*Asks:* 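One structure coming up, written as structure tokens, with questions to follow.
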Amino acid sequence: CHCYQLIWEEDRMTAGHVVINEEPRSERRRPWRNVKMPKLPHVEVPHNKCCDWFRKADNIQLLLTVSAVVLGLIIGFFVKTAYPNIDRRTVDLVSFPGELLMNMLKMLIIPLITSSLISGLANLDTKSCGKIGTYALLYYFFTTFMAVILGIILVVAIHPGHPAIKEDRGDTDIASKTSPHTLDAMLDLFRNMFPENIIAACTKQVSSEMINVTVTKTIIEGNKTRVIDVVEELSHARLIDNTNVLGLVIFSIAFGLGIASMGKKGRLMLDFFIIMNEIIMRLVRVIMWYAPIGIVFLIIGKIIGIDDLMSTVRGLGLYMLTVITGLFIHFFVTLMLLYFVICRKNPFAYFRGLFQAFFMALGTGSSSATLPVTFKCLEETLGIDARVTRFVLPIGATVNMDGTALYEAVACIFIAQINELSLSVGQLVTVSITATLAAIGAASVPSAGLVTMVMVLTSVGLPIR
């Protein structure tokens with residue numbers, strides 16, 4: 001208290017006097033303010049590129065997808081070697097997480113195709129649509145035909161087929177007795193392009209089957225008339241449980257062009273499909289975090305589901321090597337050289353952005369199931385215009401089946417080789433054309449080439465066995 005009183009009296013005594021030192025108090029307290037400090041050199045701290053790479057979610061998903069494929073192959077071959085006789089129940093249980101992944105991706109196919117095609121076409125003018133569509137179809141047909149030619153050259157040069165393979169594996173009829181002829185398969189292609197019910201096309205597609213019908217005919221011979229029963233083979237179109245992707249694509253193209261022709265009146269409908277497409281892509285981003293788990297179990301289930309792995313490798317090893325070599329050359333030589341010639345850019349830099357879609361296709365074996373991931377890679381990773389991708393990708397997933405075309409051409413000539421049948425140049429040309437058309441009409445589902453293989457075999461008179 002005494003100290004506070006002294007301070008108060010000192011302030012009262014000096015309150016009426018003139019302050020001689022008028023220098024600001026801040027200057028008195030900081031006499032070092034005008035002292036110039038030496039400049040320190042600017043040191044740049046190097047960024048850790050590895051840590052920056054892992055900060056991106058897309059890179060993490062890519063690493064997980066690649067690891068899932070490699071891990072699935074290693075575990076699958078190890079389990080099959082250790083336990084060669086695995087029952088079907090165990091295979092189904094192991095494949096269950098992969099089945100869930102396939103269901104998730106297939107669930108998005110119909111809304112993704114319709115929304116992407118309609119929104120992409122409605123945002124383009126008619127001239128741009130015609131130009132992009134023409135270039136895309138020409139590219140699709142050219143690459144598919146090149147894949148067929150490459151497959152024919154390889155299978156003739158390597159000659160993987162030997163009659164001993166047929167004797168070792170038996171002579172079992174694995175084809176359906178009601179398989180359609182080539183002409184009926186071509187008619188089914190056009191029937192599916194224009195479905196009679198667009199709602200039914202989401203779950204059903206047309207497939208012809210040959211049936212034997214007994215027909216009673218009256219034959220007149222001079223003055224005599226007799227009735228005989230004749231058995232005729234007729235083509236019967238039926239509906240099978242499979243999404244008619246080709247019909248949905250054709251309908252979506254027509255619907256999108258209709259919206260584009262309406263101008264401002266169709267803006268409300270266009271906004272609906274744009275928002276719908278964005279919602280589907282967000283669901284794809286969520287599913288991609290589960291994809292590595294599903295891919296691991298999907299690959300393991302495929303490998304352990306093979307009845308006799310070593311016998312299959314010994315008997316069909318050269319055939320599988322022919323197909324894999326053809327796919328490798330087609331991808332790394334034909335497609336990349338075509339990209340470099342047209343775009344004048346590094347194809348490997350472009351392919352780096354498609355790694356995730358590539359390994360997703362390797363794990364699922366379905367172009368439709370990979371379609372959502374392909375959209376994500378092209379639009380988000382590579383930054384390609386969404387109007388182009390939404391128009392080109394759904395058509396490409398349905399029409400552009402280079403791998404199927406190459407496989408069918410190789411398999412057709414391989415079957416001729418194991419049956420000791422030589423094909424002429426004209427028959428090889430027929431195989432190339434038929435395999436190209438069969439690949440276009442094949443459904444974008446796993447093992448769809450087995451269905452259209454009958455069309456290629458019957459075109460040159462080979463046995464369907």
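As the structure is a computational prediction, the values presented were derived from the model and not from experiment. We use all heavy atoms of the structure for the numbers below, so side chains are in, but hydrogens, waters and symmetry mates are not.
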*Asks:* Quick one: does T65's side chain have a donor or acceptor within less than 3.5 Å of a partner on P292's backbone?
*Replies:* no
*Asks:* How are the rings of F273 and F255 set relative to one another: parallel (under 30°), tilted (30 to 60°) or perpendicular (over 60°)?
*Replies:* perpendicular
*Asks:* Is the number of heavy atoms from other residues, nucleotides or ligands within 6.0 Å of CG (L138) greater than 12?
*Replies:* yes
*Asks:* Mark yes or no for whether N244, through its side chain, and G247, through its backbone, hold a donor-acceptor pair below 3.5 Å.
*Replies:*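 Confirmed, N244 side chain pairs with G247 backbone.
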*Asks:* So which heavy atom on G353 is nearest to which on L382, and how close?
*Replies:*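 Between these two residues, the closest heavy atoms are CA-CD2, 3.8 Å.
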*Asks:* Do other residues, nucleotides or ligands put more than 12 heavy atoms under 6.0 Å from Y290 OH?
*Replies:*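 Atom OH in Y290 is crowded, with more than 12 foreign heavy atoms closer than 6.0 Å.
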*Asks:* Going by the rule side chain to side chain contact (heavy atoms under 4.5 Å, CB included), which residues pair with F145 if we only count those two or more places apart in sequence or in a different chain?
*Replies:* I149, S432, T436
*Asks:* Are the side chains of L64 and I293 in contact, using a 4.5 Å heavy-atom criterion?
*Replies:* no
*Asks:* Is any side-chain heavy atom of I303 closer than 4.5 Å to a side-chain heavy atom of I75?
*Replies:*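 Side-chain contact under 4.5 Å: no.
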*Asks:* Could you please spell out the steps behind the ring-ring contact (aromatic ring centres under 6.0 Å, His included) verdict for Y350 and Y339?
*Replies:* CA-CA 9 Å; Y350 179 78; Y339 177 84; 4.9 Å; yes
*Asks:* Applying side chain to side chain contact (heavy atoms under 4.5 Å, CB included) between L327 and each of T325, I329, V323, report the one that passes.
*Replies:* V323
*Asks:* List the steps, then state whether side-chain contact (heavy atoms from CB on, under 4.5 Å) holds for Q205 with T243.
*Replies:* CA-CA 6 Å; Q205 75 174 18; T243 303; over 6 Å; no
*Asks:* Considering non-hydrogen atoms only, spot the tightest contact between A147 and D402 and give its length.
*Replies:* CB-O, 3.6 Å
*Asks:* Give the minimum heavy-atom separation between I299 and G72, together with the two atoms involved.
*Replies:*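 Minimum heavy-atom contact is CG2-C, 3.7 Å.
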*Asks:* Checking side-chain contact (heavy atoms from CB on, under 4.5 Å) for the pair I253/I395: CA distance, chi angles, key distance, verdict?
*Replies:* CA-CA 10 Å; I253 290 175; I395 301 176; 3.8 Å; yes
*Asks:* Any idea how F332 and F328 line up, ring-wise: parallel (<30°), tilted (30 to 60°), or perpendicular (>60°)?
*Replies:* tilted
*Asks:* For the atom pair OG1 (T381) and CZ (R352), what is the distance rounded to the nearest 0.5 Å?
*Replies:* 11.5 Å
*Asks:* Does the side chain of L154 come within less than 4.5 Å of V410's, by heavy atoms?
*Replies:* no
*Asks:* Would you call L73 and I300 a side-chain contact if the rule is heavy atoms closer than 4.5 Å?
*Replies:* no
*Asks:* Using the test side chain to side chain contact (heavy atoms under 4.5 Å, CB included), find all partners of I433 that sit at least two apart in sequence or belong to another chain.
*Replies:* V429, L437
*Asks:* Taking all atoms of both residues into account, what is the closest heavy-atom pair of P372 and V284, and its distance?
*Replies:* CB-CG2, 3.3 Å
*Asks:* Between the main-chain N or O of Y140 and the side-chain N or O of T143, is there a donor-acceptor pair closer than 3.5 Å?
*Replies:* yes
*Asks:* Measuring from I279:CD1 to S115:OG, what's the distance to the nearest 0.5 Å?
*Replies:* 9.5 Å
*Asks:* I need the M360 CE to Q356 CD distance, nearest 0.5 Å.
*Replies:* 6.5 Å
*Asks:* In the structure I gave you, are the side-chain heavy atoms of Q61 and W289 within less than 4.5 Å of one another anywhere?
*Replies:*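 SC-SC contact between Q61 and W289 confirmed.
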*Asks:* What pair of heavy atoms forms the shortest contact from K376 to M281, and how long is it?
*Replies:* N-CE, 3.6 Å
*Asks:* Report yes or no: do N277 and S116 form a side-chain donor-acceptor pair below 3.5 Å?
*Replies:*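 No, because no side-chain N or O of N277 sits under 3.5 Å from a partner of the opposite role on S116.
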*Asks:* Quick one: do F358 and F351 satisfy ring-ring contact (aromatic ring centres under 6.0 Å, His included)? Show the steps, please.
*Replies:* CA-CA 9 Å; F358 174 79; F351 174 66; 5.6 Å; yes
*Asks:* Heavy atoms only: give me the nearest M401-A397 pair and the separation to one decimal.
*Replies:*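 Of all heavy-atom pairs spanning M401 and A397, the closest is CE-O, 3.2 Å.
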*Asks:* Is a donor from one side chain sitting under 3.5 angstrom from an acceptor on the other, for D87 and T90?
*Replies:*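 D87 vs T90: donor-acceptor pair found between side chains.
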*Asks:* With side chains defined as the heavy atoms from C-beta onward, is the minimum distance between I287 and L108 less than 4.5 Å?
*Replies:* yes
*Asks:* Taking the side chain as every heavy atom from C-beta outward, state whether F297 and E99 have any pair of such atoms under 4.5 Å apart.
*Replies:*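 No. Closest side-chain heavy atoms not under 4.5 Å.
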*Asks:* If you apply the rule side-chain contact (heavy atoms from CB on, under 4.5 Å), what do you find for R238 with I240, and how did you get there?
*Replies:* CA-CA 7 Å; R238 61 190 179 95; I240 60 175; 3.3 Å; yes
*Asks:* Quick one: pull up CD1 in I342 and OH in Y135 and give me the separation to the nearest 0.5 Å.
*Replies:* 10.5 Å
*Asks:* Does R285, at its CZ atom, have more than 12 non-hydrogen atoms belonging to other residues, nucleotides or ligands within less than 6.0 Å?
*Replies:*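 More than 12 within 6.0 Å, yes.
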*Asks:* Decide if atom CE of M104 counts as having more than 12 heavy atoms of other residues, nucleotides or ligands within a radius under 6.0 Å.
*Replies:*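 Above 12, so yes.
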*Asks:* Mind checking the CD1-OG1 spacing from I280 to T114? Nearest 0.5 Å is all I need.
*Replies:*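 Output value for this atom pair is 8.0 Å.
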*Asks:* Spell out, as yes or no, whether a donor-acceptor pair under 3.5 Å connects the side chain of N419 to the backbone of L421.
*Replies:* no
*Asks:* One thing to verify: whether D188 and R191 come together as a salt bridge, which I'm taking to mean a side-chain N less than 4.0 angstrom from a carboxylate O.
*Replies:*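 Judged by the 4.0 Å cut-off on N to carboxylate O distance, R191 and D188 do form a salt bridge.
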*Asks:* Roughly how far, to the nearest 0.5 Å, is the CG atom of L112 from the CZ atom of F375?
*Replies:*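 With rounding to 0.5 Å, CZ (F375) is 5.0 Å from CG (L112).
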*Asks:* Counting C-beta onward and ignoring hydrogens, is there a side-chain heavy-atom pair between L283 and M107 closer than 4.5 Å?
*Replies:* no
*Asks:* Between I295 and L71, is the side-chain contact (heavy atoms from CB on, under 4.5 Å) condition met? List the steps.
*Replies:* CA-CA 9 Å; I295 289 175; L71 189 63; over 6 Å; no
